[in-house]
2 protein chains.
Amino acid sequence: MRVGYPAGMEATTAVRGCPPPAGRRERKKQRTREALIDTAFRLFGEKGFDATTVEEITDAVDVSSRTFFRYFASKEDVVLTYQEEQFATFLEELAARPSGEPVMTALRRAAVTVMRACEEGDHGFDPERFGCIQQMMERSPAVFGRSLEHGQKKQAEVTRIIAERMGVDPASDLRPHVAAGASNSAFRSAFEVLACGVTKAERMSDVLDKVFAVLEDGLNYPACETVPGPVRG
Amino acid sequence: MRVGYPAGMEATTAVRGCPPPAGRRERKKQRTREALIDTAFRLFGEKGFDATTVEEITDAVDVSSRTFFRYFASKEDVVLTYQEEQFATFLEELAARPSGEPVMTALRRAAVTVMRACEEGDHGFDPERFGCIQQMMERSPAVFGRSLEHGQKKQAEVTRIIAERMGVDPASDLRPHVAAGASNSAFRSAFEVLACGVTKAERMSDVLDKVFAVLEDGLNYPACETVPGPVRG
DNA sequence: CGTCTAGTTGTCATTTAGTGACACCTGTCG
DNA sequence: CGACAGGTGTCACTAAATGACAACTAGACG
């Protein structure tokens, strides 16, 4: 199974508003793409991800199924367009953090900013769609799996940025890799904690903030056992 | 798409040697299951995961394709049987760690023990198969994605154990969740670091050990800037 | 304007994963 | 032995995904 976009069909940033790129052809392509995404999300919301077939989506947009797969490598890819946007914004926010800021703090602030944008509808993010995705992640393993895969792939870029911030070489220093992994993990932990209902009626962004706080505090928890024990190592 | 095992086909721990369970029927089922797994891994090794069809596997074992899907919910599930065993062993090792040991240390030691077993062939793990899986994870996104999904699902059990060790309630305390996530993340970081060739010709277990060491040291990295002050290169 | 080219789409065929239904066979147990 | 239940094969079917090729059309250019 291919992943990403077929040749010549690279993602032309969907959500954020690039002004008319040029050419009627290009514009039509863009419109088709957006129509597919909008319709897909509408149907996903109505009937669920699994119960919605590609054909239903393409019929509604009035294009052939073949066309769908020229825009998206898989049905799940439609959902990932949103995550793609989230990630791009995350990178922007991260780059915008003051260069003197400690690594985890920068990651935390960037992450929380993005999540807030999704909740509030800033930066062109649709909060309703955000909720729809949350649901699909819980209900449909395929979407969940792809999302994890996507996140893991993108992690490399975060690693690079962190390494730059730290002024170390990611080819010889493990720390940027681990930090990026932890940051990635934070998103998933926040999601999991929300899904499992550990924290009730809390915003994702708040949970995420707390998760990062836990990471910043360090994970060296002693065993409980011996009362206010001095036992360490 | 279903995940897990069809009803009545629950995993009857494949690798570890449960002595003859009872009944010819049960034994035959077990043999079929193992034949499917062995044949699948052989073909995966020869032709790659994607290029191997379920039919090829079942033809070689001389059962119908339908039977395959009575044992495994998906083609990827065959590969995950190994990971399932790894995880079970990980939990055992974790439970066996002295109760006074700090959480991350216990996680680290359990993780490294399992990885060593896979490399050395202890506990009935086949090192060759382990290598085969590593390759598939790199080459075949489907396997990689399922593996991530599987790991994420299993994380809940680790969370529970960590919470017990810490003597806190996972329903109100985020720390066990984050620690479990970080531990999960450690495995993936080790894999990624090896795959990307950051560390050359090093054993997975050694890399994993180092990754955990980094986690234990904490992630509070300051920005590089040798000289304090927001000066940008 | 007419034409040529290249990019986009539709149609068709095909492969493969995965599932449901039902008949059949064979251990297991009374 | 005979009934029952669990496992298997066969058949039919849906749906995702991809390759090949023909048909259309925007855009470039003389």
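Keep in mind that this is a model prediction, so the values were computed, not measured.
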Ignoring hydrogens and angles, state whether a donor on the side chain of A:His150 or A:Glu84 is under 3.5 Å from an acceptor on the partner side chain.
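A:His150 vs A:Glu84: donor-acceptor pair found between side chains.
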
Can you find a side-chain donor-acceptor pair between B:Glu55 and B:Thr53 that sits under 3.5 Å?
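On atom types as modelled, these side chains do not qualify, holding no pair under 3.5 Å.
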
Has the side chain of B:Arg70 got a donor or acceptor atom sitting under 3.5 Å from an opposite partner on the base of D:dG6?
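Checked by distance alone, the answer is no.
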
Distance check needed: [N] [atom2] versus [X] [atom1], whole Å only.
X	N	atom1	atom2	result
A:Glu55	D:dC13	CD	C1'	14 Å
B:Lys29	D:dA5	NZ	P	16 Å
B:Arg33	D:dG7	CZ	C1'	15 Å
B:Asp62	D:dG9	CG	P	8 Å

Does this structure show an ion pair linking B:Arg31 with B:Asp38, if we count only N-O contacts that are shorter than 4.0 Å?
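The answer is no: the pair does not qualify as a salt bridge.
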
Using side-chain heavy atoms (C-beta onward) and a distance below 4.5 Å, is B:Val61 in contact with B:Thr67?
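Counting from C-beta outward, B:Val61 and B:Thr67 never come under 4.5 Å.
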
Within the structure provided, determine whether A:Arg116 and A:Asp206 are in side-chain contact (heavy-atom separation under 4.5 Å).
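Side-chain contact under 4.5 Å: yes.
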
[X] side chain, from C-beta outward: closest of [options]:
X	options	answer
A:Arg25	D:dA26, C:dG27, C:dG18	D:dA26
A:Glu76	C:dA17, D:dA17, D:dG7	D:dA17
B:Thr53	C:dA17, D:dA17, D:dT8	C:dA17

Tell me whether the OP1 or OP2 atom of D:dT8 has a side-chain N or O from B:Tyr71 closer than 4.0 Å.
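For B:Tyr71, the contact criterion (side-chain N or O under 4.0 Å from OP1 or OP2 of D:dT8) is met.
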
Ignoring backbone atoms, establish whether A:Lys28 has a side-chain N or O less than 4.0 Å from OP1 or OP2 of D:dA26.
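Answer no for this pair, as no side-chain N or O of A:Lys28 is under 4.0 Å from OP1 or OP2.
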
With heavy atoms under 4.0 Å as the rule, sort [X] into base, sugar-phosphate or nothing.
X	result
A:Lys75	sugar-phosphate
B:Ser64	base
B:Arg24	sugar-phosphate
A:Thr52	sugar-phosphate

Between A:Val54 and A:Arg66, name the one whose nearest nucleotide on DNA chain D is closer to the 5' end.
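So the residue in question is A:Val54.
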
